[in-house]
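Atom set for the values below is all heavy atoms of this structure, side chains included, hydrogens, waters and symmetry mates excluded. Read the numbers this way: they start at 1 and go in the same order the structure lists the ligands and their atoms.
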Amino acid sequence: MKGTKRIITLFALVTAISFLSSAQEIKKEIPLKYGATNEGKRQDQAMQKFRDNRLGAFIHWGLYAIPGGEWNGKVYGGAAEWLKSWAKVPSDEWMKLMDQWNPTKFDAKKWAKMAKEMGVKYIKITTKHHEGFCLWPSKYSKYTVANTPYKKDVLGEMVKAYNDEGIDVHFYFSVMDWSHPDYRYSIKSVEDSIAFNRFLEFTDNQLKELATRYPTVKDFWFDGTWDASIKKNGWWTAHAEQMLKEMLPGVTINSRLRADDKGKRHFDSNGRLMGDYESGYERRLPDPVKDLKVTQWDWEACMTIPENQWGYHKDWSLSYVKTPIEVIDRIVHAVSMGGNMVVNFGPQADGDFRPEEKELAKAIGKWMSRYGEAVYACDYAGFDKQGWGYYTRGKNGEVYMVVFNQPYSGHLTVKTPKDISVEKASLLGTGEEIQVVETARNEYNVSVPKKNPGEPYVIQLKVRAAKGTKGIYRDALT
Ligand code: TA9
């Protein structure tokens with residue numbers, strides 16, 4: 001008896017200690033100077049615009065468009081914008097491509113029209129990719145459009161043309177710069193540290209230059225920030241974010257820029273998102289069932305049309321090329337989880353787009369013009385994912401079912417959260433009324449349209465927040 005009591009006391013003691021220490025752990029905050037600056041999602045107008053835009057396009061355009069994946073007669077299957085690295089081309093030799101930079105077919109107005117027709121609300125342009133070539137006449141580098149036969153500020157023309165079409169412009173900027181002698185992958189000596197500090201000052205100058213020359217820019221999307229040298233200088237990433245925010249009120253910044261005091265990236269050492277939105281979903285998406293945590297913060301994904309080509313590559317037969325429906329699926333997938341999607345284009349060196357990209361942009365635009373209501377300004381709906389496709393929710397609480405998989409049964413299962421009932425369903429576009437049958441508590445069969453639309457379609461649900469459903473079904477007692 002005595003022994004049992006002692007064991008119980010001991011057990012209670014151990015439980016109490018472990019409870020206390022875990023409670024303490026929750027409270028334990030790591031003090032940070034360069035950690036997250038936002039509390040939860042930003043709700044100001046600029047951020048809401050960023051979020052409501054939902055669909056964007058990426059433009060990867062640089063010297064790499066000229067060789068298009070081929071160097072000295074050899075075609076490299078890897079990413080075209082990395083060719084300099086695949087073919088081990090020294091920077092001074094690579095920069096000789098500048099003599100061939102003459103995109104005579106470049107017409108920013110045409111580019112902007114194409115984006116408008118595709119239905120994109122914003123465009124992310126590579127101002128400078130890893131190679132270091134600047135699409136604007138930067139006074140801090142000799143590797144710019146100004147020193148090419150074409151001479152013109154193509155970035156400036158793009159900013160104006162897209163803005164004239166009502167499209168927001170975002171700047172992609174690679175911090176890693178293969179052309180700069182002071183760039184370091186890691187800091188191993190005092191000399192490295194001095195050189196890298198010079199490099200950071202150069203980067204500050206370029207960022208200030210971009211913000212000053214193109215003040216309508218809405219967002220900076222940083223890339224090339226994963227090296228040990230940058231992780232060691234988390235202070236600089238916090239400084240760059242702050243500097244741009246002071247210069248451009250409302251500007252948004254991606255998480256990829258950021259590292260904290262301890263070199264922790266994207267999310268700080270206390271688990272808080274740095275920057276304004278998470279930017280890690282590149283060529284992949286969160287699982288719509290297992291990764292619902294992403295609905296807690298803003299995020300933006302980006303994708304390529306072939307497997308992994310961002311810049312122009314002359315041979316797209318080397319990997320699988322996605323169809324318009326597969327691209328639309330990814331767009332809706334992102335929005336259904338509260339994210340944005342950016343679809344990439346790699347224009348040719350002559351300033352035109354390859355036919356495949358033109359066709360794809362058209363096909364997406366056609367679909368968006370019919371069903372965009374279920375994408376723009378939409379968000380996570382809070383309904384459990386079903387096999388037929390994705391739910392999104394509009395600003396007025398309407399729920400959209402975006403159907404990608406047409407069922408043989410002729411009906412689509414909808415399971416509503418507790419206290420939400422489905423009142424009515426209709427086909428977006430035609431307004432055709434769709435039959436809804438309650439099959440169990442919080443479960444419905446929603447019929448497919450009478451005539452198969454022959455493409456992914458959208459059913460709009462009118463839902464009501466009410467205690468229980470019609471009440472004819474009860475949960476089974478088991
Ligand atoms: C990459 C990467 O793409 C890559 C490709 C080929 C060899 C090595 C790497 C590599 C190593 C570390 C990070 C990355 C990476 O994910 N880079 C970010 C990419 N962002 C895309 C939007 C494109 O701009 C791509 O060119 C860029 O590298």
Margin query: Could you check whether His130 and Ser174, counting side-chain N and O atoms only, form a donor-acceptor pair closer than 3.5 Å?
Written below: yes
Next item on the list: Taking atom types as modelled, find out whether Tyr391 and Asp384 have a side-chain donor-acceptor pair closer than 3.5 angstrom.
Entry: no
Notebook entry, point to check: Of all residues at least two apart in sequence or in a different chain, which pass the side-chain hydrogen bond (donor to acceptor under 3.5 Å, both in side chains) check with Asp182?
Noted result: Arg198
Next item on the list: Can you tell me which residue pairs pass the salt bridge (Lys or Arg N to Asp or Glu O under 4.0 Å) test with a partner in residues 154-164, sequence neighbours excluded?
Entry: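 Only Lys160-Asp164 qualify under salt bridge (Lys or Arg N to Asp or Glu O under 4.0 Å).
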Margin query: Nearest 0.5 angstrom please: Asp268 CG to Ser255 OG, how far?
Written below: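 Answer rounded to 0.5 Å: 11.5 Å.
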Distances under 3.5 Å, N/O of ligand 1 against N/O of the protein: list each pair and its distance.
| unit_1 | atom_1 | unit_2 | atom_2 | d |
| --- | --- | --- | --- | --- |
| ligand 1 | 20 (N) | Asp223 | OD2 | 2.8 |
| ligand 1 | 20 (N) | Glu282 | OE1 | 3.3 |
| ligand 1 | 20 (N) | Glu282 | OE2 | 2.9 |
| ligand 1 | 24 (O) | His60 | NE2 | 2.7 |
| ligand 1 | 24 (O) | His129 | NE2 | 2.8 |
| ligand 1 | 24 (O) | Tyr172 | OH | 3.4 |
| ligand 1 | 24 (O) | Asp223 | OD2 | 3.3 |
| ligand 1 | 26 (O) | Glu81 | OE2 | 2.6 |
| ligand 1 | 26 (O) | Trp82 | NE1 | 3.4 |
| ligand 1 | 26 (O) | His129 | NE2 | 3.0 |
| ligand 1 | 28 (O) | Trp82 | NE1 | 2.9 |
| ligand 1 | 28 (O) | His130 | NE2 | 2.9 |

Notebook entry, point to check: With sequence neighbours excluded, what pairs up with Arg370 under the side chain to side chain contact (heavy atoms under 4.5 Å, CB included) test?
Noted result: Lys366, Glu455
